[in-house]
Trainee: 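Sending over a structure as structure tokens; questions will come in a sec.
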Amino acid sequence: MQLDNRAQTLLKALVERYIADGQPVGSRALSKISGLDLSPATIRNIMADLEEMGYVASPHTSAGRIPTPRGYRLFVDTLLTVQQIDENAVEAGMRLPAHQPQKVIANAAQMLSSLSQFAGVVQSPRRESAFQQIEFLRLSEKRILLVIVDPRGDVQNRLLLTDVDYSPSQLIQSANYLNQHFAGLSFDQVRARLTGELRQLRDDMGRLMQAAVEAGSEALAETDDMIIAGERNLLSVADLSSNMSSLRQMFEMFEQKTGLMQLLDVSSKAGGVQIFIGGESKLVPMDEMSVVTAPYEVNGKIVGTLGVIGPTRMAYERVIPIVDITAKLLSNALSHS
């Protein structure tokens, strides 16, 4: 059902007032702040309709109403007036040499936190799951050290436990084969090509190469990480820290990071600013929590996502431009011509 202009105006006024003071909003207050020349009875009827449609709810302890996740969603999608923020102030806090990308990223997380007064998060640029060179080093019987050098020169090591005791010459032969045929490709590409080519190789050598591909893919995937700043700010947000269950959920999310990483991955594929509102998004662990995200780029290619984690009752009109501008500035800071 489409909301008419009066209903939209009242919902916008209710959400803004609730975000400001956290108290249920009654019809009398709405008649004063909405700017509409409506009787209290008419306002009550419209609010009843909004409640029936799932945009607002009535707490048991009050005659006033509060927005639901669906109400917040309509508000941020169609009713929100985004504020202007000082882009120069944000940029000044992120000016660091381009050869210090991790410091730039850490500054961006801190900037998101300080400007929003909530938690800021930045997903570090994803490494390409590719290798430039592979080596096998025999440590002892059936124990091999896999050495992976990625295209940027970074080195990752993985221990392989094998069923066969490979000779040094077999290890050299296997490494040479992988380097000559597959250097510069992603491990997914190598896996696909090896499937057909291994039929022509001896079984033992094939198993070693397959083990190397799986271990190498895992090693490079594990280098993805995120920087979180300002988690302690959320302790002072009553909506998020009002009970032990909420606190436990919140800090499990920060500690495990898996769900948060999944959320950031999803938002990087969507493009632009995304708003995940607790209660409507399976990716946000708490009904009272929202996450505002945006992807950032390096030289025109999306490499990660950043965002603000805060209560559902946040000032979206401020947080959205903070996230949007920080993403653009981080892209500029990390890119080079």
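Values below: all heavy atoms of this structure, side chains included; hydrogens, waters and symmetry mates excluded.
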Trainee: So, K328 and D324, do they make that salt bridge, N to O below 4.0 Å?
Mentor: yes

Trainee: Quick one: side-chain hydrogen bond (donor to acceptor under 3.5 Å, both in side chains) partners of Q133, sequence neighbours excluded?
Mentor: E135

Trainee: Give a yes or no answer on whether the side chain of S34 reaches the backbone of L30 with a donor-acceptor pair at less than 3.5 Å.
Mentor: yes

Trainee: Please find the pair of heavy atoms, one from A212 and one from L178, that lie closest to each other, and give the distance.
Mentor: CB-CD1, 4.5 Å

Trainee: Taking atom types as modelled, is there a side-chain donor on N179 or Q132 under 3.5 Å from an acceptor on the other?
Mentor: no

Trainee: Evaluate the side-chain proximity of I134 to Y177: yes if any heavy-atom separation is below 4.5 Å, no if none is.
Mentor: no

Trainee: Tell me whether the count of non-hydrogen atoms from other residues, nucleotides or ligands lying under 6.0 Å of CG in D163 goes above 12.
Mentor: no

Trainee: Tell me which donor-acceptor pairs under 3.5 Å the side chains of residues 283-293 have, and how far apart each pair is, sequence neighbours excluded?
Mentor:
unit_1 : atom_1 : unit_2 : atom_2 : d
S290   : OG     : Y316   : OH     : 2.9
T293   : OG1    : S267   : OG     : 3.3

Trainee: Taking a hydrophobic cluster as the set of Ile, Leu, Val, Met, Phe, Trp and Tyr residues connected by side-chain heavy atoms closer than 4.5 Å, whether directly or through intermediates, do V147 and F182 fall within one such cluster?
Mentor: no

Trainee: Can you name the closest pair of heavy atoms from L112 and G120 and give their distance?
Mentor: CB-CA, 3.9 Å

Trainee: Just wondering, do L36 and S31 contact through their side chains at under 4.5 Å, heavy atoms?
Mentor: no

Trainee: Does any N or O in the side chain of T326 come within less than 3.5 Å of the main-chain N or O of V323, such that one atom is a donor and the other an acceptor?
Mentor: no

Trainee: Report yes or no: does E16 contribute a side-chain atom to a donor-acceptor pair with the main-chain N or O of A13 at less than 3.5 Å?
Mentor: no

Trainee: Ignoring hydrogens and geometry, is there a side-chain-to-backbone donor-acceptor pair from S236 to N233 under 3.5 Å?
Mentor: yes

Trainee: For side chain to side chain contact (heavy atoms under 4.5 Å, CB included), just list the numbers for L137 and I144, CA-CA rounded to whole Å, side-chain angles, deciding distance to a tenth of an Å, and then say yes or no.
Mentor: CA-CA 6 Å; L137 299 177; I144 298 169; 5.8 Å; no

Trainee: State whether the side chain of E51 and the backbone N or O of V56 hold a donor-acceptor pair below 3.5 Å, judged by distance alone.
Mentor: no

Trainee: Check whether any side-chain heavy atom of L11 sits under 4.5 Å from a side-chain heavy atom of L3, and report yes or no.
Mentor: yes

Trainee: Between L235 and V237, is there a shared hydrophobic cluster once you connect ILVMFWY residues whose side-chain heavy atoms come closer than 4.5 Å?
Mentor: yes

Trainee: Taking distance alone, no hydrogens or angles, what donor-acceptor pairs closer than 3.5 Å link side-chain atoms of residues 75-82 to residues at least two apart or in another chain?
Mentor:
unit_1 : atom_1 : unit_2 : atom_2 : d
D77    : OD1    : R73    : NH1    : 3.2
T78    : OG1    : L74    : O      : 2.8

Trainee: Contact between L234 and I309 at the side-chain level, heavy atoms closer than 4.5 Å - yes or no?
Mentor: yes

Trainee: Could you state whether F118 and F251 fall into the same hydrophobic cluster, counting links through intermediate Ile, Leu, Val, Met, Phe, Trp or Tyr residues with side-chain heavy atoms under 4.5 angstrom apart?
Mentor: yes

Trainee: Taking only residues two or more places apart in sequence or in another chain, which ones pass side-chain contact (heavy atoms from CB on, under 4.5 Å) with K142?
Mentor: T162, D165

Trainee: Is a side-chain donor or acceptor of S167 paired with a backbone partner of Q170 at a separation under 3.5 angstrom?
Mentor: yes

Trainee: Could you check whether any side-chain N or O of Q189 sits under 3.5 Å from a backbone N or O of S186, counting only pairs where one atom can act as donor and the other as acceptor?
Mentor: yes

Trainee: Is a side-chain N or O of S58 found less than 3.5 angstrom from the main chain of R65, in a donor-acceptor match?
Mentor: no

Trainee: Locate the shortest heavy-atom distance separating L160 from A211; write the atom from each residue and the value.
Mentor: CD2-O, 4.1 Å

Trainee: Looking at residues at least two apart in the chain, or sitting in another chain, which of them share a side-chain contact (heavy atoms from CB on, under 4.5 Å) with R17?
Mentor: D21, V25, A29, I33

Trainee: Holding to side-chain contact (heavy atoms from CB on, under 4.5 Å), I want the full list of residues that pass it with S174, two or more places apart in sequence or in another chain.
Mentor: F136, M205, L208, M209

Trainee: Any side-chain heavy-atom pair from L240 and S246 closer than 4.5 angstrom?
Mentor: no

Trainee: Donor-acceptor pair, T68 side chain versus Y55 backbone, under 3.5 Å?
Mentor: yes

Trainee: Main chain of S39, side chain of R44: is a donor-acceptor contact present, judged purely on distance under 3.5 Å?
Mentor: no

